[in-house]
Number of protein chains: 2
Amino acid sequence: MKKTHKRSDCPVSRALDILGDKWTLLIIRDIVFGGFRFYNEFLNSGEGIATNVLSDRLKLLEQNGFIESKQYEKQRTKKLYLLTEKGIGLIPIVVELLIWGFDFDTSLPIPEDRKVIIARMKYDKENLIKEITESVRKHDSKNFC
Amino acid sequence: MKKTHKRSDCPVSRALDILGDKWTLLIIRDIVFGGFRFYNEFLNSGEGIATNVLSDRLKLLEQNGFIESKQYEKQRTKKLYLLTEKGIGLIPIVVELLIWGFDFDTSLPIPEDRKVIIARMKYDKENLIKEITESVRKHDSKNFC
DNA sequence: CCGGATCCGTTTCGATACTG
DNA sequence: CAGTATCGAAACGGATCCGG
């Protein structure tokens, strides 16, 4: 499913072995900032991920302890995907990616309704991360993005 | 050289189109925290990157404005690879990756000589990032890692 | 319907050997 | 020293199928 490649002992290397692809961090972002919890939500996030790739990544994230999956009580055919504490630890990385993107990818205008949250990312980062983290822990995402 | 895949307009998506692989952010890390500037240094960083992959990634990083290459005056057969301002903007992301790695990859002991810098990453992050950034701008890397 | 699994043609990656 | 060339392996993406 994933390539096995000899790696240095640096934690960053090993982290990138799992996170270092085009999809994995987008899934994390969608959980954190989109409040996504279902397979279908990720699939229709607008990124155009294929079903098999999504399936792969969710499995890989679960195997590596970033997310956990549960039956959805209200609809037994559905599964909930939730961040673990390990996965919640990725929130600062995602926030930095977002900040970087809005700072350096100036080819697109920033939607009005995002400007507030982007400003907070930059000028009140620590508190924002705490808020988001608490929100994700309680599974009552406020759809920050 | 790189796959072209339809992407959403989100800056994070587009950033991950370039940064989202196992090698690119390691190269950035090596520039920032290792003070690396030459092809050979990246090649022998201990990560085991292949020559063509390194070549590809350096080219890609340059094409996308993250690094620039210059002739090395003291040895004309050598090339210097330096971060641009856009690349310097990635430093917070790399720092967060490092922090995450040391927090959540507990399978390896943290070397004594890194504990100080890791502590600073967590408790004096903003100032540390400023110091590193200035250091990288002046090309007198202090080998923070 | 929902969450995948499987197959398959195409693209990309990467290890090694080789070159200017 | 700094890369190319080659070529098999892996990953991708789309379509389709399947079990609940």
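Only a predicted model underlies this, so the values are computations on that prediction, with no experimental measurement involved.
- Within the 4.0 Å cut-off from OP1 or OP2 of dA5(C), at least one side-chain nitrogen or oxygen of Ser55(A) is found.
- Between the CZ atom of Arg37(B) and the P atom of dC1(D) there is a distance of 15 Å, rounded to whole Å.
- Residue-to-nucleotide contacts include no donor-acceptor pair under 3.5 Å from the side chain of Asp56(B) to the base of dG14(C).
- Here the P atom of nucleotide dG13(D) and the CD1 atom of Ile49(A) are 8 Å apart, to the nearest Å.
- At a cut-off of 3.5 angstrom, the base of dG3(D) holds no donor-acceptor pair with the side chain of Asn52(B).
- When distances run from any side-chain atom of Tyr39(B) to the nucleotides dG13(D), dG3(D), dC2(C), the shortest one goes to dG3(D).
- One finds no side-chain N or O of Lys78(A) lying less than 4.0 angstrom from the OP1 or OP2 phosphate oxygen of dC1(C).
- For the pair Trp23(B) and dT12(C), the criterion of a side-chain N or O lying under 4.0 Å from OP1 or OP2 is not met.
- Judged by distance alone, the side chain of Thr133(A) and the main-chain N or O of Ile129(A) form a donor-acceptor pair under 3.5 Å.
- Considering only the side chain of Asn40(B), dA2(D) comes nearest among dA2(D), dG3(C), dG3(D).
- Using a 4.0 Å heavy-atom criterion, one finds that Tyr81(B) contacts the sugar-phosphate atoms exclusively.
- Between Lys79(A) and dG20(D), a side-chain N or O to OP1/OP2 separation shorter than 4.0 Å is absent.
- Contact check, Arg57(B) against dG14(C): a side-chain N or O comes under 4.0 Å of OP1 or OP2.
- Here the side chain of Ala50(A) is nearest to one of dC1(D), dG14(D), dA5(C), namely dG14(D).
- Between the side chain of Thr51(B) and the base of dT4(D), a donor-acceptor pair under 3.5 Å is found.
- Ring pair Phe38(A)/Tyr72(A) is perpendicular by interplanar angle, where above 60° counts as perpendicular and below 30° as parallel.
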Please report the C-alpha distance between Glu131(A) and Arg120(A) in whole Å, then the side-chain angles of each, then the deciding distance to 0.1 Å, and finally whether the salt bridge (charged side-chain N to carboxylate O under 4.0 Å, His left out) criterion is met. CA-CA 11 Å; Glu131(A) 273 181 41; Arg120(A) 277 204 70 196; 3.0 Å; yes
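- A distance of 12.0 Å separates CD1 in Ile93(A) from CG in Leu98(A), rounded to the nearest 0.5 Å.
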